[in-house]
Each structure stands twice: as structure tokens, then as C-alpha cells.
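Only one structure is covered here, and it is reproduced in the block below.
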Protein chains: 2
Amino acid sequence: MKPIKYSTEDRIHVAVDCIIFGFDGQELKALLIHRKMDPGLGVWSLMGGFVKIDESLDEAAVRILHSLTGLDNIYMEQLHSYGAVHRDIGGRVISVAYFALINIEDYEEQVLDEHDARWVPLNELPDLIFDHKQMVQDAHQRLRQKVANHPIGFALLPEKFTLPQLLSLYEAIYDAPIDKRNFSRKMLSLGILKKLAEKEKSSSRKGAFFYVFDQEKYEKLSNEGLSFI
Amino acid sequence: MKPIKYSTEDRIHVAVDCIIFGFDGQELKALLIHRKMDPGLGVWSLMGGFVKIDESLDEAAVRILHSLTGLDNIYMEQLHSYGAVHRDIGGRVISVAYFALINIEDYEEQVLDEHDARWVPLNELPDLIFDHKQMVQDAHQRLRQKVANHPIGFALLPEKFTLPQLLSLYEAIYDAPIDKRNFSRKMLSLGILKKLAEKEKSSSRKGAFFYVFDQEKYEKLSNEGLSFI
DNA sequence: CCAAAAGTGTTATAGATACACCCATGC
DNA sequence: GCATGGGTGTATCTATAACACTTTTGG
């Protein structure tokens, strides 16, 4: 770290807040906690923390996500920075929001209790502290845009997933029904899904074939912009 | 301002840097200055400044834009926050980048000299300080996405503009030729341009009709997403 | 044999693309 | 009358949207 050469005035707390999305097969959910510090102790909140002087914004986001979920190598993207003067009643804090997509099955029940955290469906959001509800809504909006053109939805599903599961995910994200014939034709025509011989048998007698996302094929194709959905 | 309740550790300089776009009828340009402070005095740079403790990020962006251009009520949008630990050699500084679209004719030559500023075509960018070149490239990319779906390109043109001018603008933004018949059909079919009786006569003998962007019509239509171009 | 979910094909429509000629005017 | 840029129409193709029946199999 180089010595600080700028004046020490005008330095500001910078926080990172994480909108963590999960999908349980039915609904799109966000991981919320009860805030563990004053002001606002106990109020519903996103997971967050201050950026340390010797870590980048991205590193802070990874650290904060890890501290709540125990997970690494998670899809994460910077959303927006929130900088209203009085957005945090504890003092001047600028917050850089990140959103993350995790496979909800990877998330341990026990960690939920340790952090007093809960998965909450997006259409049943309680009041959140500060501007966190706005952040969740902005993240949801961004997710909708993004999954339409980028293969990131898979991060919300297990590694092996079925087309009906993928369809349900998109319907949950858009909160709208999607025609399954058009959907599967389009998804498969992108050429980035690898069909497995194995079937998922728990949700129907017939069983649905598993697929995996083929990262390599995708990178070959995606010299910019396939269109999903 | 409420008293600071959080510890004074971990406070960080937060800067705003502005990518200011202009269009001279031919090329898309960015407004660059020679940096006026150490470290990096004299190096090509974006216009920027530290966020003050009692102003929001958006306010800081407006202030900084105004200080360089004298302009108010300018289209401006937050782009991204840049937070690598050593991105600024003068100390730990997180930068929130904003991009602005201005009508280059509104910008006074004299202000250029006062600030040692210059309009530089995007494909002739010199080396810029820190990560500013990345910021310009990210902003250009975002502008491309945005003008495809939102009526913000008009902010780069005079209030009254012709279809050929608008076409040139889009061609400059995408750095690609666009068919003028398809373009004007599509633009006009959106129903957000008002044709004036008056013609622009300086660039052709026949003259091209002026249009103005019809904000009201747009707001009526745009309960989400027209598709431009 | 039946209930439940998986899988599959065709038609209609809208939007995108490609393409070339006439028009109006100042000189 | 001619050079210059402005303006316009049509045909093709591709992508999307709408829509319903057959298949599989565990019980």
C-alpha cells in the first residue's frame, strides 16, 4: 500500500451490500438477515459490511458473501452504488451493491440459524433497512435483463438440471408463464446445453432428462450476445 | 448531517469521474482534461473530484460536470464503481464513474482553454491516467446498449435535428453503417419524433426536415421498452 | 389402466434485412 | 441541367408467438 497522499478530509465509509438470489424450484428468493449492529439492530437487512482499506470492492463482496454462506466461486456482479447523504442513519456511508446467484441447495440450513438469515420470496419482501429494498428491486430488474442475454441463470440451479426446472426458473424470474415448446426449442438451439443420459425421476413418473451448461461451447459462440428467451 | 456513529477506521476517499460524450456530426468524442493535481499532474484524464461528506454521489457528479462545462440539466447516468486497491497511485480511492451526454454546440470554446480540456474521438484515445481508459470503454459499451432501447441519443444533438444527423449519430456510436431507409422507418414508427415545417439547409441543396424529440409522447408509450434501432 | 408430467411440430405473424431509384434545390 | 444529399417502397427472410396431442411409467 502506497502512503496516502491525498488529504484526510472527505473520506467516507464505503460498504458493500449483497443481494443474494436463490431459487427453490418454485420461487425466486433473496437471502436476508437480521442486522447485527446498531443502528437498526434486528431489522431486516441485506448482508453487508465496510470495505477495508486494503481490499478491492470485488474482494469485499466476495468476503461478505463468503461470511454469510460459506461459499466461494459464486456468480457475482456489481449492481450500482447508492450514495444519498442520509441513506444510512448511522453516518455517511456509500454502499456498493452486488448481486449474487447461488444454488440454494448448496446453502446449509445450519448457517441460516447462525446468522439469523432467511430466504424470502421476492414478492413477499418485508420492510428492509435504509434503501435495501430499492437495491433488491434494482437487482431483480437487472437479473431480468441479464438472463435474457447471458447464460447466468444456470448459477441458480444444481449443476445437473432439467428443462422443466430451467423453465420454472425463467418463469419465476419474469413472474410470467412461458410456453414450454418455444422455450425448449430456443434453449436447445443455442447449443450450449449438453444432454445427459440420466433422468430426474422424483418429480414425474416419466422422468426428465438432465442437462448441464457447456461453458466451453458457450465461450466459443459468445463473441458477444446470444439471445436467451 | 447526523453525527458519525461508525468507527473512523476504514474510511476511504470516494471520487466521481465523468465520461462526457459529445458528437460533432461525424465522430463520437469524449471530453478529456490534463490533470490538475499530483500525482499525475498534466496527464490526460477524465474530469473528476472527490465526493464531499455532505453531497450525494449524483450531486457530486452534477457538480463536477458543471465545473468543467458550465452546463446544468444534462443527461447523466451512473456507470460503475472502480475499486481496485492500487488503482490510484496517490492513495486508496474508489471511483464512481458517471457518463454524460451533451450537445457539443452548447460547450464554449473558451471553457476548453480554461480547463486545458479537449474533445478527443473515441478511436483516438491517448493513454489516460489510472483506469480511466477502461472507464471510457465501459461507458462507450453502455452507451451502445442504452441507445438501442432508450431515447437518450437526442441529448447528443441540438434540440432540432434532422434524420440524417440522427443516422450519423447512431453510425458513430456503433461505428458501423446503418441503412437509412430501415433506420428512418423504424425511428418514425416509434412515434416519438415531431416533424417540424422547418428545414436544415446548410448541408444540402434540398434541405432536410428538422425533428424534435417528443418527451410527452415518449412517456405515454414507454411503460417499458421501445426498441430503437 | 390411469394420472401426471415430459416431450414434440406446424402455422401465422411481425420484425429485420437487403436493396435502388426519384426528388428538390442551388449553382 | 447537373451535382448533391434527402427521401421513399417492396420483397425476402428470420424470429417469435400461438397452439394440442402423444409418450412414458409408477402406482
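For the numbers below, each heavy atom of this structure counts, side chains included, while hydrogens, waters and symmetry mates do not. Letters A, B, ... are given to chains in the order of the sequence lines, protein chains preceding strands, and every chain is numbered from 1.
- Residue contacts shown for A:S203 are limited to sugar-phosphate atoms, with no base heavy atom under 4.0 Å away.
- The base of D:dT25 is not paired with the side chain of A:K206 by any donor and acceptor separated by under 3.5 Å.
- Every residue meeting the salt bridge (Lys or Arg N to Asp or Glu O under 4.0 Å) condition with B:R142, not counting sequence neighbours, appears here in chain and number order: B:E77.
- Between B:R185 and A:A208, it is A:A208 whose nearest contact on DNA chain C lies nearer the 5' terminus.
- As a whole-Å value, the separation of A:D179 CG from C:dG7 C1' is 12 Å.
- Atom pair A:N182:CG and D:dA15:P shows a separation of 14 Å (rounding to whole Å applied).
- Here D:dA15 presents its C1' atom at 13 Å from CG of A:L190, a figure rounded to the nearest Å.
- In this structure, of C:dC27, D:dG7, D:dA20, it is D:dG7 that holds the atom nearest to the side chain of B:F209.
- Annotation: of the two residues near DNA chain D, A:S204 and A:R181, the 5′-most nearest-nucleotide partner is A:R181.
- Looking at heavy-atom distances under 4.0 Å, A:K201 makes contact with sugar-phosphate atoms alone, never a base.
- Side-chain contact check for B:Q215 and B:E219: at least one donor-acceptor pair (N or O, by modelled atom type) lies under 3.5 Å.
- Looking at the side chain of B:R205, the nearest of the listed nucleotides C:dT25, D:dT16, C:dC19 is C:dT25.
- Atoms NZ (B:K199) and P (C:dG26) sit 9 Å apart, rounded to a whole Å.
- Here the CG atom belonging to A:L169 is positioned 10.0 Å from the OH atom belonging to A:Y174, to the nearest 0.5 angstrom.
- Protein atom CD1 of A:I178 is 13 Å distant from nucleotide atom P of D:dT16, rounded to whole Å.
- Rounded to whole angstrom, the span from the CG atom of B:L167 across to the P atom of D:dG5 amounts to 14 Å.
- Atom CD of B:Q145 has more than 12 heavy atoms from other residues, nucleotides or ligands within 6.0 Å.
- One can place NZ of A:K195 at 11 Å from C1' of C:dT8, the figure rounded to the nearest angstrom.
- We find that CG of A:L163 is positioned 9 Å from P of C:dT8, with the value rounded to whole Å.
- B:L32 CG to B:M47 CE: the interatomic distance, rounded to the nearest 0.5 Å, is 12.0 Å.
- Remark: B:K180 is not in phosphate contact with D:dG6, judged by side-chain N or O atoms under 4.0 Å from OP1 or OP2.
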